[in-house]
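Here the structure is laid out as structure tokens; the discussion comes afterwards.
Note that the structure is predicted; figures quoted are calculated from it, not measured. All ligand and atom numbering here is 1-based and tracks the order in the structure.
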Amino acid sequence: MSQSLAYFRGQIVPIEQANVNVMTHALHYGTAVFEGIRGNWSESEGKMFVFRMREHYVRLLQGCKMLMMDIGKTADELCAITENLINECGYKQDLYIRPLAYKSEELVANLKLQDLSSDFTLIMVPFGAYLDSDGALNCCTSSWRRVDDTIIPPRVKISGHYVNSILAKTEATLAGFDEAIMLTPDGFVSEGSGENLFMVNDGTLIIPPVSDNNLTGITRDSAVTIAKDELGMDVLERRIRRSELYFADEVFLTGTAAHIQAVGRLDNRDISDGKSGKYTSQINEIYQKAIRGENPKYRGWCTEISVA
Ligand code: PMP
């Protein structure tokens, strides 16, 4: 039997008891850092495979450093807390795992990071597909520019800067698109609202540099590894112009929640034939096996948990 539990203030409690006070700093100012991790249930092995968990916690701790938050835990300790909560919850289905480090001080009208208490909490929910599309995504270029590193560093998952992604995603979906692609303040392609972006031309994978205000994506790193090692592709990191995307052979998005999803249309123009391209499909096929522990070569990316 499964139950909805949280790790909260150092203990495992029923989710209804994991509540913060309205004075909490993070609630007012977005002074928090989060992660999105997937636990992938393997029916055949009867185990949970958590994908690249340690890398997610290393990124979380980088975000904590940015926000001067000492949560008093190492990446390995955070992994152990997560494994324990997965066991206690007992879900035997795909999960979205959400760690959150936040400024827990119950104090408003304070715009400093120093001298404020911090805490760490963790929840997990059953989770299926994130981007609801039966094929390639229909995207638009957002009128909202991606938050710049000189404003709030987007390379880590700081809660406050997600207002930027949320404005973009809201605008896109209300206009009937699946997802938004954001540009940097100087007009280069940055990323999706919750995904990194790839372009394929003549068998070369082209990605914007992290300095173009995108997150240091773990799925991006996995897709690059698969493209190089399995498909022998060249990978080029360089700035990308918006108009290049219209004429690309393939464009796709990557993210923990989104997995690897082709972009079939952008700004009402088909990209190639509007369907998932061959490289996108091949990378996705290998990735889908890797995240469920089905590819021995990439089994090291997964933490296996035998849920009781
Ligand atoms: N960019 C943004 C803005 C995101 O929120 C995410 C999701 N974490 C990504 C990219 C993809 O990152 P990852 O592959 O590490 O999930």
Side-chain angles (χ1 to χ4, degrees), residues 30 32-40 50-63 66 75 78 82 94-101 124 127 129-131 137 139 141-142 144-149 151-173 178-184 188-199 205 207-227 237 240 251-261 263 280 283-284 286-288 290-291 298 301-302:
V33 179
F34 68 99
E35 270 304 322
I37 309 174
R38 268 196 189 256
N40 304 294
V50 186
F51 192 62
R52 304 193 71 173
M53 176 162 59
R54 199 170 187 287
E55 287 92 326
H56 281 281
Y57 280 122
V58 167
R59 189 171 64 188
L60 181 96
L61 291 174
Q62 285 173 348
M66 195 65 234
L78 294 167
T82 310
D94 289 352
L95 293 180
Y96 186 76
I97 300 164
R98 165 56 56 82
L100 179 75
M124 47 191 65
F127 197 64
Y130 170 68
L131 291 172
L137 300 169
C139 297
T141 304
S142 183
W144 296 98
R145 293 293 165 100
R146 185 73 181 129
V147 66
D148 187 69
D149 196 74
I151 300 171
I152 310 172
R155 65 178 62 225
V156 285
K157 289 176 78 75
I158 295 174
S159 296
H161 81 54
Y162 271 82
V163 173
N164 179 226
S165 286
I166 290 166
L167 288 170
K169 178 84 176 186
T170 302
E171 176 190 59
T173 50
D178 299 315
E179 186 52 285
I181 290 171
M182 283 187 283
L183 307 179
T184 60
F188 287 85
V189 174
S190 178
E191 62 176 344
S193 70
E195 306 85 18
N196 289 112
L197 181 139
F198 285 68
M199 177 170 88
L205 213 50
I207 50 176
V210 174
S211 51
D212 273 343
N213 301 333
N214 45 66
L215 187 76
T216 49
I218 291 161
T219 318
R220 170 169 62 188
D221 181 73
S222 310
V224 164
T225 302
I226 290 168
E237 201 174 295
I240 298 175
V251 174
F252 64 92
L253 300 176
T254 65
T256 296
H259 293 311
I260 294 175
Q261 281 258 11
V263 177
T280 307
I283 295 168
N284 186 37
I286 299 165
Y287 172 79
Q288 288 296 339
I291 62 171
Y298 298 115
W301 276 346
C302 300

Asn284 side-chain N/O to Gln261 backbone N/O, donor-acceptor pair under 3.5 Å: no
Arg146 touching ligand 1 at heavy-atom level, < 4.0 angstrom: yes
Options Gly194, Gly192, Ser190, Gly36, ranked by nearest heavy atom to atom 7 (C) of ligand 1, top entry: Gly194
Whether Arg59 lies under 4.0 Å from ligand 1, heavy atom: yes
Main-chain N/O of Thr216 paired to Arg155 side chain as donor or acceptor, under 3.5 Å: no
Trp301, CH2 atom: more than 12 neighbouring heavy atoms under 6.0 Å: yes
Under 3.5 Å donor-acceptor, Lys169 side chain and Asp178 backbone: yes
Distance from atom 1 (N) of ligand 1 to nearest protein heavy atom, with residue and atom: Glu191 OE1, 2.6 Å
Close approach, Glu35 and ligand 1, non-hydrogen under 4.0 angstrom: no
Ligand 1 N/O within reach of Thr254 N/O, cut-off under 3.5 Å: no
Polar contact flag for Lys157 and ligand 1 (N/O pairs, less than 3.5 Å): yes
Identity and separation of the nearest protein heavy atom to atom 12 (O) of ligand 1: Leu215 CD2, 3.5 Å
Minimum heavy-atom distance Arg59-Val156, with the two atoms named: O-CG1, 4.0 Å
Under-4.0 Å salt bridge between Arg98 and Glu35: no
Ligand 1 N/O within reach of Tyr162 N/O, cut-off under 3.5 Å: yes
Heavy-atom nearest option to atom 16 (O) of ligand 1, drawn from Ile218, Val147, Thr256, Asn164: Thr256
N or O pair under 3.5 Å between Gly255 and ligand 1: no
Within-4.5 Å side-chain heavy-atom neighbours: Phe51 and Ser222: yes
Tyr287 and Thr254 side chains, donor-acceptor separation under 3.5 Å: no
Min heavy-atom dist Asn196 to ligand 1 below 4.0 Å: yes
Heavy-atom gap Ser193 to ligand 1 smaller than 4.0 Å: yes
Residue, atom name and distance, where the atom is the protein heavy atom closest to atom 14 (O) of ligand 1: Thr219 OG1, 2.5 Å
Asn40 side chain vs Ile291 backbone, donor-acceptor pair below 3.5 Å: yes
Part of Asn214 with heavy atoms under 4.0 Å of ligand 1, whether side chain, backbone, both or neither: neither
Side-chain (Asn214) to main-chain (Glu191) donor-acceptor, under 3.5 angstrom: no
